[in-house]
Amino acid sequence: MTLTRYPLSTGVDLDVQTAGDRNAPPVILLHGFPESHRTWRHIVPDLARDHFIVVPDQRGYARSSKPAAVEDYSPDRIVGDLIALADELGIGRFTLVGHDWGGAVAWMAALTRPDRVERLVIVNAPHPYVFQRSLFEDAEQRAASQYITRFRDTNLDRSILAKGLEHFLSTSFAGHVATAIAGADKAAYLDEWSQPGALTAMLNWYRASNIVVPAPGEDAPRPAFLDRPFPPVTQRTLVVWGTQDKALLPVQLEGLDALVPDLTVATVDAGHFVPWQHPEAVIRAMRDWGI
């Protein structure tokens with residue numbers, strides 16, 4: 001995969017894979033933690049047959065820029081990168097696809113920049129309102145999300161490095177996919193994570209988030225926005241969901257249609273890393289939906 005480095009108006013440089021005809025309808029794909037543009041490596045060739053595909057390594061990942069401060073990884077700044085990248089490539093409105101943290105950014109971009117996001121595809125990434133609500137109202141989801149609190153611990157970075165990146169691979173990623181990660185795939189991930197500052201930068205996405213994760217049994221103050229009307233997603237939206245996800249439970253689909261009026265849900269018998277495990281199912285869902 002050939003990457004091109006783009007300096008953006010937001011002050012960061014992103015490495016970006018592009019594919020397909022630049023005059024074709026644009027699709028931007030956003031990866032999550034702890035991946036990179038490689039999330040979409042089995043999906044890009046199919047979509048590039050009739051779309052212009054843009055796949056960045058987001059800030060903090062691989063060899064893209066890694067700002068030092070935690071606040072540099074707040075979702076609004078990452079949405080800013082998305083829009084700046086589209087501007088840099090001369091893209092107006094586009095279809096936006098996101099998995100995991102990339103999906104969280106995609107939800108926010110759809111809500112805040114409907115002038116740019118034409119259609120939305122989400123792969124195993126919770127809607128911000130549904131996710132926060134579930135952390136207060138669903139004990140199983142609260143328990144499953146305690147890893148976020150661990151990731152916010154700034155001592156974790158040194159602990160991971162002390163144990164080695166191969167241990168991190170086996171515990172944070174490989175344990176959630178059905179097939180072994182070996183050979184070129186393993187080497188690529190270890191190379192990306194070993195870049196100076198990459199581990200801390202990736203974890204800073206969790207530290208910069210405002211999501212409240214109460215401890216099991218904790219009677220934490222409920223965020224006020226949960227008891228106010230939440231703006232709807234106005235775009236036509238496809239949600240592809242791996243139903244065996246151990247971190248994001250099926251409760252994330254409950255009540256979603258009230259917040260996303262034009263919603264299609266396609267379920268896949270897979271875990272969290274659906275684009276990695278079953279790319280053909282993701283492609284089929286997107287094609288059936290109209291991409």
Side-chain angles (χ1 to χ4, degrees), residues 1 3 5 8 10-17 29-41 55-82 85 98-108 123-126 131 145-177 181 185-211 213 245 247-248 271-273 275-276:
M1 305 175 195
L3 300 176
R5 196 165 184 86
L8 303 183
T10 52
V12 299
D13 296 351
L14 299 187
D15 286 344
V16 182
Q17 177 194 11
L29 300 106
L30 302 179
H31 68 84
F33 179 92
E35 296 201 77
S36 65
H37 69 281
R38 292 176 52 77
T39 297
W40 308 105
R41 61 197 177 281
V55 196
D57 287 337
Q58 300 201 76
R59 67 164 65 194
Y61 284 84
R63 289 172 172 78
S64 289
S65 292
K66 299 170 184 63
V70 169
E71 58 266 27
D72 289 324
Y73 298 89
S74 61
D76 61 306
R77 297 198 183 190
I78 299 166
V79 170
D81 291 345
L82 167 68
L85 177 59
H99 171 253
D100 185 74
W101 263 113
V105 172
W107 281 120
M108 184 171 178
V123 185
N124 280 68
F131 188 43
S145 297
Q146 293 306 304
Y147 72 92
I148 296 176
T149 301
R150 294 194 296 274
F151 283 178
R152 287 172 169 170
D153 182 352
T154 54
N155 294 316
L156 181 63
D157 312 36
R158 290 191 297 273
S159 174
I160 291 174
L161 291 173
K163 293 178 181 177
L165 290 174
E166 292 207 28
H167 181 265
F168 177 64
L169 174 72
S170 64
T171 56
S172 71
F173 186 13
H176 292 275
V177 298
I181 300 172
D185 287 321
K186 179 179 178 180
Y189 285 119
L190 293 177
D191 172 72
E192 291 170 354
W193 299 340
S194 67
Q195 297 307 306
L199 186 61
T200 295
M202 292 191 298
L203 291 169
N204 278 345
W205 283 55
Y206 291 93
R207 296 161 184 163
S209 167
N210 290 326
I211 197 76
V213 185
D245 194 331
L248 298 168
H272 179 69
F273 294 95
W276 207 96

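Count residues from 1 along the sequence.
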Heavy-atom closest contact (A125 atom, A104 atom, distance): CB-N, 3.9 Å
Matching residue for P275 among V123, L29, N124 - test: side-chain contact (heavy atoms from CB on, under 4.5 Å): V123
From CD (Q17) to CZ (R38), nearest 0.5 Å: 10.0 Å
Residues forming a ring-ring contact (aromatic ring centres under 6.0 Å, His included) with W107, sequence neighbours excluded: H127
Flag, side chain of S194 to backbone of D191, donor-acceptor distance under 3.5 Å: yes
Side-chain touch V12/P67, heavy atoms, less than 4.5 angstrom: yes
Polar side-chain atom of R63 near backbone of D57 as donor-acceptor pair, under 3.5 Å: no
For the student: nearest non-hydrogen atoms of Q58 and G102, plus distance: NE2-CA, 3.9 Å
Geometric class of the Y147/Y206 ring pair [parallel <30°, tilted 30-60°, perpendicular >60°]: perpendicular
Point-to-point distance, once rounded to the nearest 0.5 Å, from CG of D72 to CZ of R77: 5.0 Å
Any E35 side-chain heavy atom under 4.5 Å of E192 side chain: no
Shortest non-hydrogen contact from Y189 toward P34: CD2-O, 4.5 Å
Ring-face cation contact, Y73 with R207, 6.0 Å cut, 45° max: no
Option from W101, F151, F33 for which ring pair (Phe, Tyr, Trp, His ring centres under 6.0 Å) with W205 holds: W101
Non-hydrogen atoms of L8 and D81 that approach each other most closely: CD1-O, 3.6 Å
Donor-acceptor under 3.5 Å (S65 side chain, D13 main chain): yes
Centroid separation Y61 to H37 less than 6.0 Å: no
Nearest heavy-atom neighbours spanning H31 and S36: CB-O, 3.0 Å
Nearest-0.5 Å distance, NE2 of residue H167 to OG of residue S159: 8.5 Å
P56 and L30, any side-chain heavy atoms less than 4.5 Å apart: yes
Nearest heavy-atom neighbours spanning N204 and A68: ND2-O, 4.2 Å
D185 side chain near R41 side chain, heavy-atom distance below 4.5 Å: yes
Euclidean distance, T200 OG1 relative to L156 CG, rounded to 0.5 Å: 9.0 Å
Spatial distance of atom CE (M202) from atom CD (Q195) [nearest 0.5 Å]: 10.5 Å
D100 side chain to H272 side chain, donor-acceptor N/O pair below 3.5 angstrom: yes
N155 atom CG, over 12 foreign heavy atoms within 6.0 Å: yes
Whether W193 and F168 hold their rings parallel, tilted or perpendicular, with breakpoints at 30° and 60°: perpendicular
Separation between NZ of K66 and CG of L199, rounded to the nearest 0.5 Å: 11.5 Å
